Amino acid sequence: MILRALYDYYHNSKNMPGYGLSVERISFIIVIDNEGNILRIGDTRDSAGTEKTFIVKYPEARSSNVLPKYLYDFAPYVFGVPEEGSKKSNHIEKFNSFKDVVESAFRQFPDSPELAALHKFYQHSAEELQKMAAEHPLWKEILNNKKLNISFRLNNDTQIIAEKTSIIPTDEPNLSDSGTIGYCLVTGKKSILTPLMNKVSIQGETAGLVTFQKGSGFDSYGKSQCYNAPISVEAEFAITTALKSLLGSESNSYIIGNVSFLYWASSPKATE
């Protein structure tokens, strides 16, 4: 089955991000000083509009729910700017949730100068931050591209804050953690199950490999979302990471028309 094949590919390959990490595209970098002031805004996109990738914390799957990423996200989360078609107060909820992630990270890693600066940055309101950012030329680009990721970099540093492995919690889940427990259909092991699979962009379409629409008649025995086809948190991570890796590899994929073709070896030796 395709999910097991992707799971095996992740574990057979030596070039995958470790558990809890993900290769993500980030378009805009907010450069701040130690006091949390914006010094400049950088754009990682090349002439073709392709963003630079960074190894950051693996994002939890989200659909219409408010769920911030770890130290990087879209403009409504990072700056609290309104989003077309969203609820009137939704962008403020997103901003506050992202701010809570920053504060939680700062409490967990109080000796981090990067998080200390980001903590000071988020002592300002969304309106104040937007006013600060509006002084920089790329602010209009951010407002015109609210679905592109934004992160931060401390001045004179070479890494963005979101890719600092020393401040990324990546502990693997275990049965003592909170969450729905059941048998994973991919591994056959009793594990914490994921309610949703992360969405992956394929040819401009973004969707999860396994997904169920709530209340659409496909729910069985009172179960909803991915609990209808139980997959563990660990397996979901491996499958999604493998799929994204294959899609981004010129030697493992090609496109004909609007169809993407992926291919890979099933043996561990062939993936080296």
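What you see below is based on every heavy atom in this structure, not just the backbone, and it leaves out hydrogens, waters and symmetry mates. This is a predicted model, so every value here is computed, not measured.
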* Please walk me through it: do L6 and V186 pass side chain to side chain contact (heavy atoms under 4.5 Å, CB included)? -> CA-CA 10 Å; L6 286 168; V186 176; over 6 Å; no

* Indicate yes or no for a side-chain donor-acceptor contact from T50 to the backbone of D46 under 3.5 Å, with no hydrogens or angles considered. => no

* Look at atom CD of E141 and say whether more than 12 heavy atoms of other residues, nucleotides or ligands are closer to it than 6.0 Å. => yes

* Asked: Which of these passes salt bridge (charged side-chain N to carboxylate O under 4.0 Å, His left out) with E24: K69, K52, K244?
  -> K244

* To do: Just do the side chain to side chain contact (heavy atoms under 4.5 Å, CB included) check on Y70 and I168 with the steps written out, would you?
  => CA-CA 8 Å; Y70 190 75; I168 300 179; 4.3 Å; yes

* Asked: Between the side chains of E234 and Y7, does any donor sit under 3.5 Å from an acceptor?
  -> yes

* To do: Decide yes or no for S232 and K189: does some side-chain heavy atom of the first lie under 4.5 Å from some side-chain heavy atom of the second?
  => no

* Side-chain donor or acceptor of S13 paired with backbone N/O of Y9 under 3.5 Å -> no

* Between the main-chain N or O of L71 and the side-chain N or O of S151, is there a donor-acceptor pair closer than 3.5 Å? -> yes

* To do: Report the C-alpha distance between K164 and D157 in whole Å, list the side-chain angles of each, state the deciding distance to 0.1 Å, and finish with yes or no for salt bridge (charged side-chain N to carboxylate O under 4.0 Å, His left out).
  => CA-CA 11 Å; K164 295 273 186 178; D157 200 349; 2.7 Å; yes

* Measure from the side-chain N and O atoms of H124 to the backbone N and O of F121, and report whether any donor-acceptor pair falls under 3.5 Å. => yes

* **Distance (rounded to the nearest 0.5 Å) between L3 CG and D8 CG** => 11.0 Å

* In a check of side chain to side chain contact (heavy atoms under 4.5 Å, CB included) between I32 and each of N37, L39, L154, which one passes? -> L154

* Structure fact -> Heavy atoms of P17 and S22 approach each other most closely as CB-N, 4.3 Å

* Can you see which heavy atom on L262 is nearest to which on S253, and at what distance? => CD2-CB, 3.3 Å

* Asked: Which atom names give the shortest non-hydrogen contact between L193 and P230, and what distance separates them?
  -> CD1-CB, 3.6 Å

* Steps toward side chain to side chain contact (heavy atoms under 4.5 Å, CB included) verdict (V56, I26) -> CA-CA 10 Å; V56 296; I26 296 178; 4.2 Å; yes

* What is the distance from atom OH of Y122 to atom CG of D100, rounded to the nearest 0.5 Å? -> 11.0 Å

* Is the backbone of R25 close enough, under 3.5 Å, to the side chain of N149 for a donor and an acceptor to pair up by distance? -> yes

* **Y10 and Y19 aromatic centres sub-6.0 Å** => no

* What do you reckon, is CG of L143 surrounded by more than 12 foreign heavy atoms closer than 6.0 Å? -> yes

* Asked: So, the side chain of R153 versus the backbone of V31: is there a donor-acceptor pair under 3.5 Å, distance only?
  -> no

* Would you give the length of the straight line joining atom CG of D111 to atom CZ of F109, rounded to the nearest 0.5 angstrom? => 10.5 Å

* Asked: If only atom types and distance count, is the side chain of T194 paired as donor or acceptor with the main-chain N or O of L196 below 3.5 Å?
  -> yes

* Cluster link I239 to L21, ILVMFWY, side chain under 4.5 Å -> no

* Report whether I142 and I38 are members of the same hydrophobic cluster (ILVMFWY, side-chain heavy atoms less than 4.5 Å apart, transitive linking). => yes

* **G36 versus M132, closest heavy-atom pair with distance** => O-CE, 4.0 Å

* Path from V23 to L243 over hydrophobic side-chain contacts below 4.5 Å -> no

* To do: To the nearest 0.5 angstrom, please state how far the CD atom of E93 sits from the OH atom of Y77.
  => 8.0 Å

* **Gap between atom CZ of F54 and atom CD1 of I160 - 0.5 Å precision** => 4.5 Å

* Could you go through the side chain to side chain contact (heavy atoms under 4.5 Å, CB included) check for F28 and R45 one step at a time? => CA-CA 8 Å; F28 301 107; R45 297 173 296 176; 3.6 Å; yes

* Minimum-distance pair of heavy atoms, taken over all atoms of N34 and K120 -> O-CD, 3.5 Å

* Asked: Between Q130 (side chain) and F79 (backbone), is there a donor-acceptor pair under 3.5 Å?
  -> yes

* For the residue pair I55 and E163, what are the closest heavy atoms and their distance? -> O-CB, 3.2 Å

* Asked: If you round to the nearest 0.5 Å, how far is CG of N145 from CD1 of I150?
  -> 9.5 Å

* Side-chain donor/acceptor of K146 to backbone N/O of P82, under 3.5 Å -> yes

* **Shared hydrophobic cluster, I161 / F74 (ILVMFWY, side-chain heavy atoms < 4.5 Å)** => no

* To do: Compare all side-chain heavy atoms of W264 with those of N12 and state whether any distance is below 4.5 angstrom.
  => no

* Checking Y72 side chain against K57 main chain: does a donor-acceptor pair fall under 3.5 Å? -> yes

* Are F95 and L118 in one and the same hydrophobic cluster, where Ile, Leu, Val, Met, Phe, Trp and Tyr link if side-chain heavy atoms are under 4.5 Å apart? -> yes

